[in-house]
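These values consider heavy atoms only, across backbone and side chains, with no hydrogens, waters or symmetry-generated copies.
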Amino acid sequence: MSKNLLIVESPAKKKTIQSYLGKDYIVESSVGHIRDLPKKGNKAIDIENGFTPNYVVSDDKKKIVKELQKRVKSAEVIWLATDEDREGEAIAWHLTQALDVKNKKINRIVFNEITKEAIHNAIKKPKKINENLVNAQQARRVLDRLVGFELSPLLWKKIKTGLSAGRVQSVAVRLIVERENEINKFVSSSSFKILSHFKTKSGEFFTCELNHKFDNIENVRKFLNNSANFQHVLNKIEKKPTKRSPQAAFTTSTLQQEASRKLSFSVNRTMSVAQKLYEKGIITYMRTDSTNLSKVAVDSIKDLVTNTLGSNFFTKRIFKSKSKGAQEAHEAIRPTDFNISKIEGDSDQNKLYRLIWERSVASQMSDAKIERTTYKINSFDDKLIFQAKGEVVTFAGFLAINKSNIGSDSFLPSAKLLETLNLDNLKSDEVFTKPPARYNEASLVRKLEDLGIGRPSTYASTITTVQKRNYVIKENREGKAIKSKVLTLTGKLINENTIEKIAGAEKNKLFPTDTGQIVTKFLTKHFSKILDYSFTATVEDEFDLIAEGKKVWNEMIQNFYSGFISKVNDVNDNEKRESGERVIGNHPETNELVIARLGPFGPMVQIGEKSDEPTEKKPRFASLQKGQTIQNISLETALDLFKLPRSVGYYNGIEILAAIGRFGPYLKHDKKFYSLKGSEFNPLTISSEEAKIHIENKIKQEKDRIINFFKGEPVFYVLNGRYVPKEGKKINLRIPKDIDPKSLNREDCIQLLNKKSNS
């Protein structure tokens with residue numbers, strides 16, 4: 001039996017690292033954290049005794065801990081090779097607490113790439129667990145638990161059950177809510193830009209834009225009329241050499257942003273793919289704030305660039321990390337072997353790897369040199385000029401690493417200074433000012449990082465959490481048609497048209513829900529400090545000081561908690577419930593108030609008010625549909641909701657009803673329910689024929705889902721899709737990947753059931 005036990009976090013690393021170390025080592029995985037604060041109960045943190053955390057082994061990790069304990073008994077040296085960040089340091093510490101490692105030698109090692117050289121170098125330089133890093137992680141965990149544990153029940157009581165709050169997630173939602181409020185307040189204005197199409201003496205055409213926009217159409221007409229008889233001259237040519245410099249190699253947040261921009265990856269998808277690349281040993285550790293590259297990496301890039309492009313394409317660069325807490329000893333995300341420019345694997349891995357390879361190599365390359373030319377043409381008004389710009393890449397530099405980055409040179413036609421130009425036409429287009437852009441995942445990450453809120457390694461989980469909590473939704477929205485006036489001068493004739501443009505279309509943008517709006521308003525009103533951007537950033541600075549050993553972690557928690565819990569108690573005792581209530585108007589027939597508000601199951605509309613008088617009419621309620629919000633729903637639209645449930649028609653002689661329930665719109669037929677959620681059908685407008693087709697499709701899907709069915713005791717259903725047999729439709733029995741679900745018989749299902757019962 002080997003005397004060395006090496007423990008990593010991820011099972012995916014085990015096999016690779018084992019092959020590098022050989023028979024002298026046994027490599028095992030903790031599968032992430034093995035201990036954490038208990039999910040329920042008020043004993044997770046001993047507030048009276050220095051905020052001592054009471055960690056427990058998670059239920060799903062008890063089996064793993066038992067296996068590791070067996071391995072520890074037969075080993076003399078324990079190597080803790082968890083990740084090189086604070087979270088990894090904490091996992092290493094928890095392993096020493098949960099495993100029986102007395103009288104064992106404990107070595108902590110770190111590496112930022114899974115290569116044979118990196119692993120062996122780490123083993124040559126073992127160290128102790130860094131208690132300061134552990135304390136920094138512990139402070140974050142305790143603070144976040146205290147905030148969530150105290151605020152979440154308060155939200156349940158004052159707003160709606162099932163809500164939660166978090167130090168970073170609530171601030172992220174606030175950013176989205178405030179941006180939405182800005183957009184709602186924004187009033188668009190129009191102006192007219194002027195484009196001119198000139199022809200040179202040699203017969204070449206080019207387009208210019210006037211350096212001024214007009215506020216009203218009368219001034220546009222005047223300008224066009226005066227331009228009809230004016231002689232335009234190229235009165236200035238400016239040629240200016242300029243350059244473009246490469247960006248630093250990726251940090252976690254810049255990788256998330258660029259993968260979103262170029263590959264349309266969500267933040268979660270980016271981190272999942274990067275994790276797989278790291279575990280394969282193809283890239284370095286993907287959770288980093290540093291833009292630094294090691295000397296080995298820079299030398300490797302130098303060899304690659306000079307051998308393939310020439311020495312003039314290489315320029316050694318050192319980039320300063322933006323993050324205050326960045327550890328410059330760490331590296332940026334880069335390939336482990338720069339000679340591999342493309343990898344085998346699935347499409348996502350290939351695309352992300354190529355992005356990382358190009359950015360890393362380009363970061364150590366020369367500037368691209370560009371010559372920019374500007375033509376300036378006069379107009380009848382001496383203060384206004386037409387301008388045309390073109391540029392030519394004279395030296396590709398770092399752009400050569402990806403030719404598509406260079407694009408096409410935008411040439412201007414050859415023309416001489418003071419040359420007379422022929423005006424082909426002038427076109428005036430009405431343009432409209434745009435509101436601030438809504439956040440997408442990448443721009444939200446950039447904003448959080450700019451404000452110093454949270455850490456890039458946590459952004460993916462934060463963005464996922466706020467969507468799961470239904471505070472934020474990510475979706476596409478169609479734009480609205482707007483009318484735009486277009487005036488065109490050709491010769492001496494002005495032609496005026498009105499065209500339709502689509503404005504405000506959104507793709508994969510983050511929108512706050514009514515719940516997100518109301519929770520943010522409540523927290524901002526009563527807990528402004530926690531939702532304050534500078535406070536949240538300051539907390540991160542304090543975590544950094546703890547990591548550096550310059551601050552005591554539980555003293556930092558105490559300074560925060562005393563004022564915080566006092567405020568929680570005050571709000572709990574003295575503040576009323578918050579529902580975001582908005583009076584829409586009065587019912588046209590009964591004059592009852594019509595109110596939009598947040599109800600127990602989500603946003604809703606209410607007709608009438610609750611009364612203690614038994615003779616008074618009881619309020620009626622209806623849930624809002626997708627796209628409707630408390631703030632935007634009109635009286636007419638609200639009253640339409642009370643037309644539900646409505647009879648749609650009959651199918652097989654039985655009535656079909658359309659309605660909206662707790663889980664969204666649905667059809668009811670023959671005591672069965674068929675969800676309309678996610679379909680194109682609206683319960684208020686769906687026709688009898690559409691309803692029949694929808695029901696038939698749902699019935700077919702259900703039939704196709706069941707591959708096989710075995711009667712007896714117990715009953716088994718073998719299902720398509722996830723290929724999970726179910727006993728009594730209650731117990732899930734997952735089929736191993738090497739077994740074809742269609743081949744299962746009843747005895748096979750019983751074996752799977754017994755295996756699950758014994759596990």
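Annotation: side-chain hydrogen bond (donor to acceptor under 3.5 Å, both in side chains) contacts of Glu578 (sequence neighbours excluded): none. Here Phe214 pairs with His212, Phe223 under the ring-ring contact (aromatic ring centres under 6.0 Å, His included) rule; sequence neighbours left out. Not a single ring-ring contact (aromatic ring centres under 6.0 Å, His included) links Phe642 to another residue, sequence neighbours left out. Considering only residues two or more places apart in sequence or on other chains, Ile499 meets the side chain to side chain contact (heavy atoms under 4.5 Å, CB included) condition with Ser484, Val486, Lys501. Listed by chain and number, the residues in a side-chain hydrogen bond (donor to acceptor under 3.5 Å, both in side chains) with Thr637 are Ser634 (sequence neighbours excluded). Checked against side chain to side chain contact (heavy atoms under 4.5 Å, CB included), Ser170 has the following partners two or more places apart in sequence or in another chain: Ala165, Leu523, Leu531. By the side chain to side chain contact (heavy atoms under 4.5 Å, CB included) test, Glu500 is found to be paired with Ala481, Lys483, residues two or more places apart in sequence or in another chain being considered.
With hydrogens and angles disregarded, a donor-acceptor distance shorter than 3.5 Å links the side chain of Gln257 to the backbone of Ser253. Side chain of Asp570 to main chain of Ser566: no donor-acceptor pair is present (N/O by atom type, distance under 3.5 Å, no hydrogens or angles). The closest donor-acceptor contact from the side chain of Ser152 to the backbone of Phe149 lies at 3.5 Å or more, if one exists at all. Side chain of Asp740 to main chain of Lys742: a donor-acceptor pair is present (N/O by atom type, distance under 3.5 Å, no hydrogens or angles). Side chain of Ser679 to main chain of Leu676: a donor-acceptor pair is present (N/O by atom type, distance under 3.5 Å, no hydrogens or angles). In this structure, Ser443 contributes its side chain and Asn440 its backbone to a donor-acceptor pair below 3.5 Å. Using modelled atom types, no side-chain atom of Arg597 and backbone atom of Gln606 make a donor-acceptor pair closer than 3.5 Å. Judged purely by atom type and a 3.5 angstrom limit, Arg140 has no side-chain atom pairing as donor or acceptor with the backbone of Gly454. The closest donor-acceptor contact from the side chain of Ser623 to the backbone of Ile660 lies at 3.5 Å or more, if one exists at all. Side-chain atoms of Arg577 come within 3.5 Å of backbone atoms of Lys157 as a donor-acceptor pair (strictly under, hydrogens ignored).
The minimum heavy-atom distance linking Trp156 with Gly162 is given by the pair CE2-N, 3.1 Å. Listed here is the closest heavy atom pair of Phe511 and Glu475: CE1-O, 3.6 Å. Here the closest heavy-atom approach between residue Gly516 and residue Val173 is recorded as O-CG1, 4.1 Å. When all heavy atoms of Arg582 and Asn632 are compared, the closest pair comes out as NH1-N, 4.2 Å. The shortest non-hydrogen separation linking Leu641 to Ala622 is CB-CB, 3.8 Å.
Looking at heavy atoms from C-beta onward, Ile695 lies in side-chain contact with Tyr651 at the 4.5 angstrom threshold. Two residues are said to be in side-chain contact when any heavy atoms from C-beta on lie closer than 4.5 Å; Phe716 and Leu753 meet this criterion. By the 4.5 Å heavy-atom criterion applied to side chains, Leu155 and Phe522 are counted as neighbours. Side-chain atoms of Ile654 and His669, non-hydrogen and from C-beta on, do get closer than 4.5 Å to each other. Residues His526 and Glu575 meet the side-chain proximity criterion, which asks for heavy atoms closer than 4.5 Å. Leu510 has its side chain within reach of Leu444: a pair of non-hydrogen atoms, C-beta onward, lies under 4.5 Å apart. Side-chain contact check for Ile630 versus Met604: every heavy-atom pair is 4.5 Å or farther apart. Counting heavy atoms from C-beta on, the side chains of Ile584 and Leu593 never come closer than 4.5 Å.
The distance from the CZ atom of Arg145 to the CG atom of Asp36 is 7.0 Å, given to the nearest 0.5 Å. Atom CD of Gln256 is separated from atom OG of Ser457 by 9.0 Å, given to the nearest 0.5 angstrom. Taking CG from Leu143 and CG from Leu146, the interatomic distance works out to 6.5 Å, rounded to the nearest 0.5 Å. Taking CG of Asp514 as the reference point, atom CD of Gln631 lies at 7.0 Å (rounded to 0.5 Å). Distance OG1/Thr462 to CZ/Arg167: 9.0 Å, rounded to 0.5 Å. Note that SG of Cys749 and CG of Asn708 are 8.0 Å apart. Values are rounded to the nearest 0.5 Å.
Judged as a ring-ring contact (aromatic ring centres under 6.0 Å, His included), not a single pair has a partner in residues 431-473 (not counting sequence neighbours). Residue pairs satisfying the salt bridge (Lys or Arg N to Asp or Glu O under 4.0 Å) criterion with at least one member in residues 634-645, sequence neighbours excluded, are listed as follows: Asp640-Lys643. Applying the salt bridge (Lys or Arg N to Asp or Glu O under 4.0 Å) rule to pairs touching residues 688-701 yields Lys700-Asp704, sequence neighbours excluded. Listed by first then second residue, pairs satisfying salt bridge (Lys or Arg N to Asp or Glu O under 4.0 Å) with a partner in residues 619-628 read Glu592-Arg620, not counting sequence neighbours.
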Report, one line per pair, each donor and acceptor closer than 3.5 Å where one atom sits in a side chain of residues 502-509; sequence neighbours left out.
residue	atom	partner	partner atom	Å
Glu506	OE1	Lys509	NZ	3.0
Glu506	OE2	Arg438	NH1	2.6

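Between Glu441 and Lys474 there is a salt bridge, since at least one side-chain N of the basic residue sits less than 4.0 Å from a carboxylate O of the acidic one.
Between the side chains of Glu430 and Ser190, a donor-acceptor pair is found at a separation under 3.5 Å. For the residue pair Ser534/Asp532, the side-chain donor-acceptor check at 3.5 Å is satisfied. A donor-acceptor pair shorter than 3.5 Å cannot be found between the side chains of Thr520 and Arg174.
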Decide side-chain contact (heavy atoms from CB on, under 4.5 Å) for Val648 and Arg646; before the verdict, give the C-alpha distance in whole Å, the side-chain angles of both, and the deciding distance to 0.1 Å. CA-CA 6 Å; Val648 176; Arg646 62 181 271 264; 4.1 Å; yes

Apply side chain to side chain donor-acceptor pair (under 3.5 Å) to Asn497 and Lys485, showing your working. CA-CA 6 Å; Asn497 289 312; Lys485 292 185 176 67; over 6 Å; no

For a side chain to side chain donor-acceptor pair (under 3.5 Å) check, start with the C-alpha distance between Ser647 and Glu655, then their side-chain angles and the critical distance, and finish with the verdict. CA-CA 7 Å; Ser647 178; Glu655 187 179 30; 2.6 Å; yes

Residues Leu448, Leu175; criterion side-chain contact (heavy atoms from CB on, under 4.5 Å); working and verdict: CA-CA 9 Å; Leu448 288 168; Leu175 281 168; 3.7 Å; yes

Dump the intermediate steps for salt bridge (Lys or Arg N to Asp or Glu O under 4.0 Å) on Glu449 and Arg455, then the final yes or no. CA-CA 7 Å; Glu449 187 177 36; Arg455 279 292 176 260; over 6 Å; no

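Heavy-atom contacts from other residues, nucleotides or ligands closer than 6.0 Å to NZ of Lys521 number 12 or fewer.
Aromatic rings from Tyr674 and His694 are positioned such that their centres are separated by 6.0 Å or more.
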